Amino acid sequence: MTIGIIGGTGLATLGERPTAVADSAETPFGLASGLPRRFAELPNAVFLNRHGDRHTVLPHLINYRANVWMMKNSGVDAIVAVFAVGGIARSLADGDFVLPDQLVDYTWGRAHTFAGTDNFLHVDFSEPFDAGLRQALSRSADRIGLDLCDGVYGCTQGPRFETPAEIDRMERDGCTVVGMTAMPEAALARELDLPYAGICLVVNPAAGRGLVSLELADMRKVVTDAEPTIRRLLVEFLQLVEQPG
Ligand code: HPA
């Protein structure tokens with residue numbers, strides 16, 4: 001089983017000497033964020049950085065259709081996404097990990113579907129994050145002694161962060177974390193029949209939940225500190241799906 005890993009967060013130290021899996025980032029839907037890559041150390045995985053190799057593609061400008069299509073075309077059987085998020089639930093602290101089981105989509109204007117006049121499609125999305133992948137991620141977390149709690153991912157448009165009133169509304173809607181990239185990525189994977197799940201790294205208290213304003217530099221530090229854990233979790237997960245049991 002080949003797993004596509006779409007990240008932006010915490011994938012900097014996954015392996016050395018990556019080899020590209022495609023010749024070009026061009027797809028029928030335009031340019032993907034970059035070339036999908038394989039690392040010799042992790043042969044059953046293909047990686048794509050959704051923000052581009054130099055982390056310059058903002059969440060609302062990501063070509064999600066091209067990225068998901070590129071993953072499918074690279075032969076992956078499922079996708080695991082890695083997200084940086086703000087913590088809405090007051091129980092969450094920076095550096096915590098969440099395994100979302102539901103989502104609420106607040107994005108707008110993104111190219112969000114492969115459906116069209118020549119492709120009549122209404123996919124079931126009652127379980128936006130695949131149960132089997134979630135279970136495997138959860139078992140992998142157990143094996144490395146990592147706490148991974150369930151949660152609801154609220155996806156905002158960005159690139160600005162939210163207002164405290166927006167975060168309060170999201171909390172009333174049932175969201176426990178907030179990020180900008182799970183949608184339409186999750187829905188597009190579903191449309192291409194790719195099981196999809198994600199892990200969220202909490203990198204800040206959501207707006208109005210902390211005592212300080214939101215600073216990218218602080219979030220980057222949380223990501224850097226968490227990178228070894230993300231790597232361990234993914235390595236464990238890749239071994240588990242390779243040799244179930
Ligand atoms: N809001 C939206 N997206 C985010 C946040 C946040 O607070 N932190 C990291 N990604």
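Atoms within each ligand, like the ligands themselves, are counted from 1 in listed order. Since the structure is predicted, the reported quantities are computational estimates derived from the model, not experimental observations. Sequence positions, counted from 1, serve as the residue numbers for this chain.
Applying the side chain to side chain donor-acceptor pair (under 3.5 Å) test to every pair with at least one member in residues 194-207, sequence neighbours left out, gives these pairs: Glu185-Tyr196. Pairs engaging residues 167-179 under the side chain to side chain donor-acceptor pair (under 3.5 Å) rule: Tyr106-Asp173, Asp168-Arg209, Glu171-Arg209 [sequence neighbours left out]. For residues 66-87, the set of pairs meeting the side chain to side chain donor-acceptor pair (under 3.5 Å) definition, not counting sequence neighbours, comprises Ser33-Asn67.
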Extract all N/O-N/O pairs under 3.5 Å that connect ligand 1 to the protein, and present each with both atom names and the distance rounded to 0.1 Å.
| from | atom 1 | to | atom 2 | distance (Å) |
| --- | --- | --- | --- | --- |
| ligand 1 | 1 (N) | Glu162 | OE1 | 2.8 |
| ligand 1 | 1 (N) | Glu162 | OE2 | 3.3 |
| ligand 1 | 7 (O) | Asn204 | ND2 | 3.0 |
| ligand 1 | 8 (N) | Gly86 | N | 3.3 |
| ligand 1 | 8 (N) | Asn204 | OD1 | 2.6 |
| ligand 1 | 10 (N) | Ala84 | O | 3.3 |

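Taking the charged nitrogens against the carboxylate oxygens, Asp130 and Arg190 have no contact shorter than 4.0 Å, which rules out a salt bridge.
Glu26 CD: more than 12 foreign heavy atoms inside a 6.0 Å radius. Shown here is Asn119, whose CG atom has more than 12 heavy atoms of other residues, nucleotides or ligands within 6.0 Å.
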